[in-house]
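These notes concern the structure reproduced below.
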Amino acid sequence: MKYDHKQIEKKWQDRWEEAGAFHASDCYDKPKYYTLIEFPYPSGQGLHVGHPRSYTAMDIIARKRRMQGYNVLFPIGWDAFGLPSENYAIKNHVHPSEVTKKNIARFKEQLKSLGLSFDWTREINTTDPEYYKWTQWIFLQLFHHGLAYKKEMSVNWCTSCKCVLANEEVVNGVCERCGSEVVRKVKSQWMLKITEYAQRLIDDLTLVDYPDRVKAQQIHWIGRSTGAEVDFATTAGDQLTVYTTRPDTLYGVTYMVVSPEHPFLEKWKGQIKNFDEVAAYQKEAAKKSDFERTEVAKDKTGVRLDGVSAVNPVNGAKIPIFISDYVLVSYGTGAIMAVPAHDTRDWEFAKKFDLPIIEVVKGGNVQEEAFTDCGTGILVNSGILNGLPVEEAKKKIIEYLTEKGIGRAKINFKLRDWVFSRQRYWGEPIPIIKCPKCGYVPVPESELPIRLPNVKSYEPTDTGESPLAHMTDWVNTTCPHCGGPAKRETDTMPQWAGSSWYFLRYADAHNHDALASKEALKYWMPVDWYNGGMEHTTLHVLYSRFWHKFLYDIGVVPTPEPYAKRTSHGMILGENGEKMSKSRGNVVNPDDIVSEYGADTMRLYEMFIGDFEKAAPWNTHGIKGCRRFVERFWNLQDILCEGDSIRKELEVPFNKAIKKVGEDVENLKFNTAIAALMSLINDITAVGSITRGELRIFTLLLNLFAPHVCEEVWKNQKFGGMVCLQDWPKYDEAKCVDKTIEIVVQVNGKVRAHLNVPADIAKEDALSQAKANEKISAEIDGKNLIKEIYVPAKLINLVVR
RNA sequence: GCGGGUGUGGUGGAAUUGGCAGACACGCAAGAUUUAGGUUCUUGUGAGUUUCUCGUGCAGGUUCAAGUCCUGUCACCCGCACCA
């Protein structure tokens, strides 16, 4: 019999489907296991070899859990709203839903050809009104709870997409998606108050099993800092409040800085003698995009306010106020107290503008560089704080300021609220009606979903309005509150909306009355294991944790966190070690691999390629090794011998392999799990034959990685049923150790001999055998034996002089 | 600058309570089978001046013993970045 992957793979994909082998059961008394992959965006390019890396890994976990007796949910769906489909639609004058439909069909076919054990009965699609009804419903709940609000604000505007971007979508000053320049623009936007959850998003990381690097990145992104607000009196009459993390250095303040956008500047117009200069600087700063602003970061610029100054509240010193773009209006209070002796940026600015530098923490040479160390310094020149270490001084000054009513302890976050509107067509309409009398009125829940109307042109407008704005029939409506004429919101939601809750829908994908039933959520949540890309750490994962926490607070979901465990895979790079991309010409098409070598080989190779969590370059030669392995497995059928059990000589290799494959898979060490199976097949080949019992175990193990060929062998050998529905094999710990072992004998740390001894040999026997060894005795005779090191079952080291 | 990570044969990568560095695979070489081989099988394969020595980015240290622990340093990758 020759191995023919084309015939075998299609056949078993069909049989699994006919048998419903991978359908999650709705009977809730069995233990459940929910494995999740990031549902793909069905792009026009089709599947990338990167997709199957994550999918196969979770497929392996899902298959193993089924064999371990769990009711497994391993679902799939489509994150189908988004710009590429819309742009394609604009260019080719087809409806984005048509494009999406076509792309999904292609993706589906490609995914099915990989033999992934998805439960297709729960397939979802974010662009389906039955689905986005509930995305809109969640938005309404956020609105009712004051977490969705409209705000006039300066936003990131992509000049090419003609669309607002979230902070998270701006990378190095350019649009994450298209790479075009991003500028600031003031627009009225829907915002979501993710900042309200900042602290809990940090705290609850202790409840989940995420890799440290993911936790660290989220914590860093949320950017909590503790410090104090301090009120400074000014000669203009207003109190200028600043935020500082170093209130202990208050006596060292020699000037203050406000951001160019600070509202006081307009208010103080009459008193600022050099207002022309100030206005010119403001204008210059506003023109710069964020990118330019950070590009020139090295050189500090600014203008001193002539006519207004401040007073240091602790020592009465009169201090000048500057305006400079190194202070951001969006963080803290938009103003700072500058302590050049102990802050690098303030130090640079002070040097440039020749401002005094007063040392208040001893330990460095503040005329040479800022001394920022908080651990070792002692306060000096600081009145009531003199002699205190930094941390104590912080406490004392906050107490003092609080008592006097001129300051208070304060916690700040770098995290900003989430800009939630997009001026594009292909997204969920925001279910809000703007009434001239009643303001923003939510659409009644009974009217959901608000469907996307058919428009003639999907082209975004240059005024920055959504294409929906031209649809007067759709836009003009009546106010649900007062019944008067009103207009619909024409902005749509960002792509992140549908993906912020999709894992909930899988629990009960066809429910018409709720996003999912309470019982289904209670049973299936949380997701037990979620694997995805590192690039979503501060986007999708953070956003969906936020939504989930909100839904938890209003009693919709039963768990405070959506994902109990999150892991991340490394990228698959091109053969040249660079990121795969069309422009680099190093893209590998998974279809070609599946067609030439088969899905089983492809799956094995993607798992064998290297450490799952690290990036790995694709290597076409490497695939051959995996194909050979599959064929060697297939050919085991030709060397079958009598017997239904494992023979003595293979007892240890088999027990070891069962143990190792099981453990490695749990730790994402797929590469070494496969290596263990390759070793095992080498052991079998060395023996020259295999019993039915041995082949049975091997097939059960390999089935996780290469399911099709294993089903075929399973059927050929008439083991009964389907291999994917069998029990995971057990091993005997006692049979995982060899009866005789090899002990290394070292002299002065250098290997000099190997001993074959019984595994349970006593220390004395081992030592005397070692010394009796010819080579060893030649080394040690006539020398002083100072030390004997014995590591049981491993090594002997004789130290001589 | 801050946070996270990586550095091992010709190649992808194994090896972590410190205990034989290079598992497994690719590639390469020799041999066998074959009309043929981009097939299969067998054997070999870190380097060298080969009874031995050297070898895990570099320089030190601890230890009987270091890829692994400590100190310093270099290079590269990812994320963030004037966040007070």
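Throughout, a chain's letter reflects where its sequence line sits, starting with A, and its residues are numbered from 1.
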Base, sugar-phosphate or nothing for [X]? Non-hydrogen atoms, less than 4.0 Å.
| X | value |
| --- | --- |
| F629(A) | nothing |
| D611(A) | sugar-phosphate |
| E535(A) | nothing |
| N682(A) | sugar-phosphate |
| R752(A) | sugar-phosphate |
| T537(A) | nothing |
| V799(A) | sugar-phosphate |
| I609(A) | sugar-phosphate |
| H220(A) | base |

May I ask you to evaluate whether [X] reaches the phosphate of [N], defined as a side-chain N or O under 4.0 Å from OP1 or OP2?
| X | N | value |
| --- | --- | --- |
| N797(A) | U63(B) | no |
| K624(A) | C26(B) | no |
| R628(A) | C26(B) | yes |
| N671(A) | G12(B) | no |
| T344(A) | G1(B) | no |
| K775(A) | C52(B) | yes |

(request) Using modelled atom types only, decide if a donor and an acceptor are shared between the side chain of W221(A) and the backbone of K414(A) within a distance under 3.5 Å. (result)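 No, because the side chain of W221(A) does not come within donor-acceptor range (under 3.5 Å) of the backbone of K414(A).
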(request) Verify, without hydrogens or angle tests, whether Q239(A) (side chain) and D231(A) (backbone) share a donor-acceptor contact under 3.5 angstrom. (result)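 Between the backbone of D231(A) and the side chain of Q239(A) there is no qualifying donor-acceptor contact (under 3.5 Å).
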Could you tell me the separation between the [atom1] atom of [X] and the [atom2] atom of [N], rounded to a whole number of Å?
| X | N | atom1 | atom2 | answer |
| --- | --- | --- | --- | --- |
| L542(A) | C80(B) | CG | C1' | 14 Å |
| L795(A) | A21(B) | CG | P | 10 Å |
| K669(A) | A14(B) | NZ | P | 7 Å |
| N784(A) | C64(B) | CG | C1' | 15 Å |
| R213(A) | C80(B) | CZ | P | 15 Å |

Decide, yes or no, whether a salt bridge links [X] with [Y] under the criterion of side-chain N to carboxylate O below 4.0 Å.
| X | Y | value |
| --- | --- | --- |
| E596(A) | R627(A) | no |
| E788(A) | K771(A) | yes |
| K656(A) | D738(A) | yes |

(request) Classify the side chain of E742(A) versus the base of C20(B) as yes if they form a donor-acceptor pair under 3.5 Å and no if they do not. (result)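 Indeed, a donor on one side and an acceptor on the other fall under 3.5 Å apart.
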(message) Using a distance-only criterion (donor-acceptor N/O pair, under 3.5 Å, no hydrogens), is the base of C20(B) paired with the side chain of K794(A)?
(response)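 In this structure, the two groups form no donor-acceptor pair.
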(request) Among V799(A), N797(A), I789(A), I776(A), find the one that has a side-chain contact (heavy atoms from CB on, under 4.5 Å) with Q746(A). (result)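 Per the side-chain contact (heavy atoms from CB on, under 4.5 Å) rule, the option paired with Q746(A) is N797(A), out of V799(A), N797(A), I789(A), I776(A).
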For [N], what is the paired nucleotide under Watson-Crick or G-U wobble rules, both distances under 3.5 Å?
| N | result |
| --- | --- |
| U16(B) | none |
| A29(B) | U43(B) |
| G55(B) | none |
| G37(B) | none |

Which nucleotide sits closest to the side chain of [X]: [options]?
| X | options | answer |
| --- | --- | --- |
| M678(A) | A84(B), U6(B), C24(B) | C24(B) |
| D343(A) | A84(B), U42(B), C24(B) | A84(B) |
| A616(A) | G79(B), G13(B), A14(B) | G13(B) |
| V751(A) | G13(B), C20(B), U11(B) | C20(B) |

(request) Fit a plane to each ring of F349(A) and Y255(A), take the angle between them on a 0 to 90° scale, and name the class: parallel (under 30°), tilted (30 to 60°) or perpendicular (over 60°). (result)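 Rings of F349(A) and Y255(A): parallel, as their planes differ by under 30°.
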How far, in whole Å, is [M] from [N] if one measures between their [atom1] atoms?
| N | M | atom1 | result |
| --- | --- | --- | --- |
| G13(B) | A23(B) | P | 15 Å |
| A25(B) | A15(B) | C1' | 16 Å |
| C76(B) | A30(B) | C1' | 40 Å |
| C80(B) | C20(B) | P | 41 Å |
| A59(B) | U68(B) | P | 13 Å |
| G38(B) | U51(B) | P | 40 Å |
| C54(B) | A65(B) | P | 14 Å |
| U50(B) | U17(B) | P | 38 Å |

(request) Indicate syn or anti for G13(B), taking the glycosidic torsion and treating anything within 90° of 0 as syn. (result)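 Here the answer is anti: the torsion falls beyond 90° from 0.
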(message) For R246(A) versus T244(A), what's the shortest heavy-atom pair and its separation?
(response)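 Taking R246(A) first and T244(A) second, the nearest heavy atoms are N-OG1, 2.9 Å.
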